[in-house]
Amino acid sequence: MTVTAGRLQYMLERLSESITVTAHGATGTGLVDDAPFIQSALNAAKLRGGWVIIPPGRYLLASLPLRIYGNTRLTLLPGARFIRGVAETMIVNGDAGQNLGGYDGHGSITIEGGVWDCRGTAPGLTAATMCISIGHARDVTIRDVEIRDVSGYHAIELNSTKRGRIENCRFLGYYDPGQRDFSEAVQLDLAKSSGVFGAFGPYDHTPCEDVVITGCYFGASGTRDTTAWPRGIGSHSATITRWHRRITVDDCTFEGITQYGVSAYNWEDSGVTACHFHECGSGVRVRTVIVSDTEDTKKPDGTQTGASQDLRNFTVTGNTFRQGGGYDDPIVALGEASGLILNFTATGNTIDGSTTNQNGIRLQRVSRATIGPNAISNVAGTGISTGNSGNVVVTGNEVWGAGANGITFTTCDHSTAVGNQLRELGASGILVTGNSDNIHLRTNYIKSPSRAKNGEAWGIRLQGGSSSVSLSGNKVRPHGTGNEASHAFSAEGGTTPVTLIHRYGNDWRGSWTVAAVAEGTGVTSNTSAVDVT
């Protein structure tokens, strides 16, 4: 309230310097097209920079897009409502024919306040369009706006923008006109082509940098035939040798999002912090360039690489995920063989619930990752699943009531699980498989594995040709009634036996379905607590 009061006082002190759209002929009745008069005020501001004021009222906009220029502040006062009346984007920063590249287009812009009603389900308005479209700009702030019922594209697109800020906004309602079930309310994109950003060029592949999205809400509007957004914040195009950088998503709420709350595609040096995800298909996805998307694997000059690229430095910290859906895992980091995710951290998150076999946290082709401490409960799949990854430390996590395993390492190397508490698991506590090597399991506590089916899981299971695995100070206990694990510890033999196990000081006591320990034919194990040379 203090911040809001300060803004209002500032506004009152400078009303004499402002350009009020009613002075240019706008009626605010909702009965006539006010867009030409609002554009007249924006044109006046273009000449010298200025502050355009929209008084309370209903402003029908049937001549679009509006065009806002550099050094302009557009303020919709409380009670002001823009009503889209034609199937076009509401507002764009600049002219269609401009050729201002990099971040040198119309910037130093503030858009604030009011309800922007896109009416995406209304007759004649269902074609895919955007609400606010910004490109080739520096220093853009969009705040305190409510955007409703967009059809097809995005509520806000920041394209080729440096130092952008979206704060205290509400994104309510989305209509899919067909084949647009992946649209983001807020899209960060790069100036790749007219098909990616149609407002103007040049198409020089400028990405977004230094963008903050904070205090925003993403959900449903309740309008008939609309849903909540497919994705809250994200990107879905890329260019090799370019990245979106230093993107911060903070203190936002995502409710009923059908796919991803945040889809961080080709972002680095970025993070998602202190956000809330409720009944979303998935929470946060971090993704390197998708190799199968041949448009995204090109360089700026059009050269086809057929490859992804590494993505560095991403944090997912202090978020809550509740009643997740079955679209994807609450937290998922996905790299490619030709493009790893490097230096990934997920810590201080609380995950409560997922469906359709979704895991709590999943890593694929990730290196140098720290997972934990996190609290993960009631997920349908595995608590923490890692695959084709290396140099991963899983530490201090509590996994309770997972439908599958507590922690898995599949085709991983140089990775550690230490000090985790894993309880009431449908399958095994810790599973190491797929020729994983140099895996270290220390001081983990596993209670009540194999709750889904009697005798078909393990406390700790090593299999699939894994090698150089060390275990010390782990404690595994049965449930005591009902379904129990076959063994507290198992290292499987066969054609590809587990080799070079060093284990000591573990506590396997309890009444197991078969036995406490099972080591198959060909397993090489050392159980002495002395140095191995």
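In this text the structure is predicted, and so the values were computed from the model without any measurement. Reckoned from all heavy atoms, side chains included, excluding hydrogens, waters and symmetry mates.
- For residues 52-65, the pairs satisfying side chain to side chain donor-acceptor pair (under 3.5 Å) are D33-S63, with sequence neighbours left out.
- Side chains of N397 and N420: a donor-acceptor N/O pair is present below 3.5 angstrom, by distance only.
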Could you give me the CA-CA distance, side-chain angles and deciding distance for E336 and R365, then say whether salt bridge (Lys or Arg N to Asp or Glu O under 4.0 Å) is met?
CA-CA 6 Å; E336 298 267 3; R365 303 215 181 264; over 6 Å; no

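- Side chain of W243 to main chain of I240: no donor-acceptor pair is present (N/O by atom type, distance under 3.5 Å, no hydrogens or angles).
- We find the OH-CG distance between Y175 and L125 to be 11.5 Å, quoted to the nearest 0.5 Å.
- The closest side-chain donor-acceptor pair between R285 and S263 falls under 3.5 angstrom.
- In the model, T214 has no side-chain atom that pairs as donor or acceptor with a side-chain atom of D251 under 3.5 Å.
- Minimum interatomic distance between G383 and A402 (heavy atoms only, all atoms of both residues): N-CB, 4.0 Å.
- Note that R231 lies outside the cation-pi zone of Y260, set by a 6.0 Å cut-off to the ring centre and a 45° limit from the axis.
- Between the side chain of N359 and the main chain of G381, no donor-acceptor pair closer than 3.5 Å is present.
- Using a 4.5 Å heavy-atom cutoff, the side chains of F82 and L64 are not in contact.
- Ion pairing between a basic and an acidic side chain is recognised when a charged N comes within 4.0 Å of a carboxylate O; D104 and R138 show such pairing.
- Of all non-hydrogen atoms in A127 and S151, the two that sit nearest each other are O-OG, 3.5 Å.
- D149 and T223 share a donor-acceptor pair across their side chains, judged by distance under 3.5 Å alone.
- Between the CG atom in L42 and the CG atom in L47 there is a gap of 11.5 Å [rounded to 0.5 Å].
- Here the straight-line distance linking atom NE2 of H244 with atom CG of L190 works out to 5.0 Å at 0.5 Å rounding.
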I would like to know whether V52 and H24 meet side chain to side chain contact (heavy atoms under 4.5 Å, CB included); could you show each step before the answer?
CA-CA 11 Å; V52 176; H24 284 254; over 6 Å; no

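- Contact between S235 and L188 at its shortest, heavy atoms only, is OG-O, 2.5 Å.
- At least one donor-acceptor pair closer than 3.5 Å links the side chain of D310 to the backbone N or O of L340.
- E255 places no side-chain N or O within 3.5 Å of a backbone atom of A220 that could act as its donor or acceptor partner.
- Outside the 6.0 Å centre-distance limit, the rings of Y265 and H236 are not counted as a close aromatic pair.
- No donor-acceptor contact under 3.5 angstrom links the side chains of E88 and T129, judged on distance only.
- For the pair E268 and N313, the minimum side-chain heavy-atom distance is 4.5 Å or more.
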May I have the step-by-step check of salt bridge (Lys or Arg N to Asp or Glu O under 4.0 Å) for R246 and D210, ending in yes or no?
CA-CA 5 Å; R246 299 179 299 280; D210 304 299; 2.5 Å; yes

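- Using a 4.5 Å cut-off on side-chain heavy atoms (C-beta onward), R165 and R143 make no contact.
- Of the possible donor and acceptor atoms, one in the side chain of Q309 sits under 3.5 Å from a partner among the backbone N and O of T241.
- Of the residues listed (F254, Y217, F218), the one engaging F171 in a ring-ring contact (aromatic ring centres under 6.0 Å, His included) is F218, and it is the only one.
- Put simply, the side chain of T347 reaches to within 4.5 Å of the side chain of T317, judged on heavy atoms.
- The two residues D250 and C275 come nearest to each other via the heavy atoms C-SG, 3.9 Å.
- In this structure a side-chain-to-backbone donor-acceptor pair under 3.5 Å is present from N319 to A274.
- No side-chain heavy atom of T121 sits less than 4.5 Å from a side-chain heavy atom of R224.
- Aromatic ring pairs are classed by plane angle as parallel below 30°, tilted from 30° to 60° and perpendicular above 60°; the pair F314 and F344 is parallel.
- For Q187 (side chain) and E184 (main-chain N/O), no donor-acceptor pair under 3.5 Å exists by modelled atom type.
- For the pair F277/V262, a side-chain contact is recorded, criterion being any heavy-atom separation below 4.5 Å from C-beta on.
- G335 and I341 make their closest contact through N-CD1, 3.9 Å (heavy atoms, listed as atom of the first residue, atom of the second, distance).
- With L61 as reference, L66 is the one residue of I83, D117, V86, L66 to meet the side chain to side chain contact (heavy atoms under 4.5 Å, CB included) rule.
- Under the 4.5 Å side-chain criterion, counting only non-hydrogen atoms from C-beta, D296 is in contact with S237.
- Separation of atoms CD1 (I134) and OG1 (T161) is listed at 7.0 Å; rounding is to 0.5 Å.
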Determine, stepwise, if the pair E209 / K162 fulfils salt bridge (Lys or Arg N to Asp or Glu O under 4.0 Å).
CA-CA 5 Å; E209 294 184 345; K162 187 174 182 65; 2.8 Å; yes

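- A donor-acceptor pair is defined here as one N or O able to donate and one able to accept, closer than 3.5 Å; no such pair exists between the side chain of K298 and the backbone of T239.
- The main-chain N or O of V316 is found under 3.5 Å from a side-chain atom of N349 such that the two form a donor-acceptor pair.
- Shown here for A62 and A35, the closest heavy-atom pair between the two residues is N-CB, 4.2 Å.
- Applying the ring-ring contact (aromatic ring centres under 6.0 Å, His included) test to every pair with at least one member in residues 354-391, sequence neighbours left out, gives no pairs at all.
- S40 places no side-chain N or O within donor-acceptor distance of the main-chain N or O of I38, the cut-off being under 3.5 Å.
- Note that CD1 of I371 is 10.5 Å distant from CD1 of I407, once rounded to the nearest 0.5 Å.
- Atom OG1 of T226 is separated from atom CG of D176 by 12.0 Å, given to the nearest 0.5 angstrom.
- Around the CZ atom of R245, the shell of radius 6.0 Å holds more than 12 heavy atoms that belong to other residues, nucleotides or ligands.
- Looking at heavy atoms from C-beta onward, R242 lies in side-chain contact with P300 at the 4.5 angstrom threshold.
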